Protein chains: 2
Amino acid sequence: MTGDLEESARKLLEVVPIIMQDIRSEMRRRRSLDLTVPQFRALAFVNRNEGSSLWEVAFHMGLTPPSMSRLVDGLIERGLMAREDHPADRRRVRLTVTDHGLAILGASTQGTLSYLADKLSGVEADKREVIDKAMETLRTVFATGTRKREVT
Amino acid sequence: MTGDLEESARKLLEVVPIIMQDIRSEMRRRRSLDLTVPQFRALAFVNRNEGSSLWEVAFHMGLTPPSMSRLVDGLIERGLMAREDHPADRRRVRLTVTDHGLAILGASTQGTLSYLADKLSGVEADKREVIDKAMETLRTVFATGTRKREVT
DNA sequence: TATTGTTATACTCTATAACTATA
DNA sequence: TATAGTTATAGAGTATAACAATA
């Protein structure tokens with residue numbers, strides 16, 4: 001009884017925004033750390049990719065460079081990220097996560113993970129495994145670098 | 001080889017924002033219709049629940065009433081939604097989707113569904129079924145009305 | 001007094017357009 | 001000329017605080 005493609009799409013479009021909203025609210029609720037989802041994602045990416053350029057992070061997140069520039073501004077203002085010159089190419093920028101940023105990132109990650117784990121704790125093991133597998137497939141489908149550059 | 005709870009949570013936290021970002025970008029790309037995800041969700045909810053109060057929609061979406069009020073303002077300005085007095089309780093408001101709103105909602109839904117269906121078309125049927133099942137489980141886990149009211 | 005909603009204010013996210021600096 | 005990034009400007013999403021109207 002496999003549904004058709006559009007039915008799958010419909011489920012995705014129904015459920016994903018609900019989860020996202022929930023994650024967002026949860027992150028906002030922990031005021032002390034208070035990272036928005038985009039801030040969190042940017043920090044996590046730069047942490048995994050020390051010395052990224054602005055463009056790389058923007059591309060990864062599917063944002064335009066100006067949007068990313070502002071996002072980074074905010075993180076730097078709060079002392080979570082640092083922006084240095086790139087030694088080889090002076091147009092570029094080297095982004096790094098500060099110690100403080102790393103601490104916040106870690107705490108925020110743990111907090112959100114605990115929250116989600118708690119939510120999932122009521123799900124039977126086999127169903128949870130189904131979720132795991134689904135996420136793995138979806139990750140490849142919606143992989144990074146998906147952003148379509150405008151024809152403009 | 002079932003992973004632990006936290007591993008499941010980690011996958012969710014990694015993948016869901018990526019999908020969301022993709023949906024958001026896609027909706028923005030179709031400028032003519034140009035509904036944001038929250039606008040889309042609000043319209044869809046009110047369409048399914050003719051005559052909802054502001055509070056009901058806000059609760060469904062996990063937003064505060066002021067946020068919802070503004071969101072609705074925007075939809076009304078664009079002629080997609082209407083706000084009437086509730087006959088029985090004059091504090092309340094009756095929200096309805098206009099004909100134009102319904103048309104836009106339909107077109108936007110179709111556009112986004114086609115986009116997602118296209119993305120999913122490369123996925124084997126059995127994996128797609130796994131995704132379907134995962135979404136069904138996740139819908140119950142993150143069901144509407146999840147919003148925790150602040151203790152404040 | 002409790003409920004429903006709006007207004008005022010303030011940030012963040014995000015985009016496009018226009019610009020600067022470097023290659 | 002092409003690439004990397006920033007600044008200017010603007011609209012939407014979101015929150016808290018303060019308020020008005022109705023029950």
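Being a predicted model, the structure only gives us computed values, none of them experimental. A, B, ... follow the sequence lines: proteins, then strands. Residue 1 opens every chain.
- Val130(B) and Val123(B) are assigned to two separate hydrophobic clusters, defined by single-linkage of ILVMFWY side chains at heavy-atom distances under 4.5 Å.
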Item to check | Annotated protein contacts, base or backbone, on nucleotides 18-23 of chain C with a non-hydrogen cut-off under 4.0 Å, one of B, S, - each | outcome: ---BBS

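- Using a 4.0 Å heavy-atom cutoff across all strands shown, Arg28(B) reaches sugar-phosphate atoms only and no base atom.
- The residue Ser67(B) sits close to a base: some heavy atom pair falls under 4.0 Å.
- The nearest heavy atom of DNA chain D to Arg70(A) and to Arg92(A) marks one nucleotide each, and the one closer to the 5' end goes with Arg92(A).
- Within the nucleic acid shown, Arg83(A) comes within 4.0 Å of sugar-phosphate atoms alone, with no base atom in reach, counting heavy atoms only.
- Regarding Trp55(B), its CH2 atom lies at a distance of 19 Å from the P atom of dA23(D), rounded to whole Å.
- When distances run from any side-chain atom of Leu71(A) to the nucleotides dG5(D), dT14(C), dC13(C), the shortest one goes to dC13(C).
- Straight-line distance from the CZ atom of Phe40(A) to the C1' atom of dC13(C): 17 Å, rounded to whole Å.
- Comparing dT14(D), dA15(C), dT7(D) against the side chain of Ser69(A) picks out dT7(D) as the nearest.
- Side-chain proximity of Ser53(A) to dC13(C), dA15(D), dG5(D): nearest is dG5(D).
- Of the side-chain N and O atoms in Thr36(B), one or more sit less than 4.0 angstrom from OP1 or OP2 of dG13(D).
- The CD atom of Glu77(B) sits 14 Å away from the P atom of dT6(C) (whole-angstrom rounding).
- Under the side chain to side chain contact (heavy atoms under 4.5 Å, CB included) criterion, Thr112(A) pairs with Ile23(A), Met27(A), Arg30(A), Ser108(A), Leu116(A), Leu13(B), not counting sequence neighbours.
- The side chain to side chain contact (heavy atoms under 4.5 Å, CB included) test with Pro38(B) singles out one residue from Leu75(B), Leu71(B), Leu63(B), and that residue is Leu71(B).
- Atom-to-atom, CE of Met27(B) to C1' of dT14(C) comes out at 15 Å; the value is rounded to the nearest Å.
- A donor-acceptor pair under 3.5 Å is absent between the side-chain atoms of Ser69(B) and the main chain of Pro66(B), judged by distance alone.
- With hydrogens and angles ignored, the 3.5 Å screen pairs no side-chain donor or acceptor of Ser53(A) with any backbone N or O of Val93(A).
- Atom-to-atom, CZ of Phe59(B) to P of dT4(C) comes out at 12 Å; the value is rounded to the nearest Å.
- Rounded to a whole Å, the CD atom of Glu56(B) is 13 Å from the C1' atom of dT3(C).
- Without hydrogens or angle criteria, Asn47(B) side chain to Leu43(B) main chain gives no donor-acceptor distance under 3.5 Å.
- One can place CE of Met61(B) at 12 Å from C1' of dA12(D), the figure rounded to the nearest angstrom.
- Rounded to a whole Å, the CD atom of Glu84(B) is 13 Å from the P atom of dG5(C).
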Next on the checklist: Between Leu138(B) and Leu12(B), is the side-chain contact (heavy atoms from CB on, under 4.5 Å) condition met? List the steps.
Outcome noted: CA-CA 10 Å; Leu138(B) 288 170; Leu12(B) 218 52; 4.2 Å; yes

